[in-house]
Amino acid sequence: MINLQSVQSDATHDQRLLDCRAEVEPALHQIIKDAQRNGWAPAEVAMAIADAADDYILLLANRKATAH
């Protein structure tokens, strides 16, 4: 479980993305380390994460398009 800080509502969009990355990146590195201990190569894990993230972005876009 990751402990995320509260979002600053007055931050710009770019700053929010930077802050979010800073918050979630340590958990991402932990996932990669854990997967390596189970025999997965770091590149394989990174590609799997990127693929899952891409799928999630498409799901969010689809939800937004059908919400109208």
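Residue pairs that meet the side chain to side chain donor-acceptor pair (under 3.5 Å) test with at least one member in residues 36-49, sequence neighbours left out, are Asp34-Arg37.
Each of His13, Gln15, Arg21 was scored for a side chain to side chain contact (heavy atoms under 4.5 Å, CB included) with Leu17, with one residue passing: His13.
The shortest distance between side-chain heavy atoms of Thr66 and Asn62 falls below 4.5 Å.
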Result block: side-chain N/O donor-acceptor pairs under 3.5 angstrom for residues 48-60, not counting sequence neighbours:
none

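If you chain together ILVMFWY residues whose side-chain heavy atoms come under 4.5 Å of each other, Met47 ends up in a group of its own.
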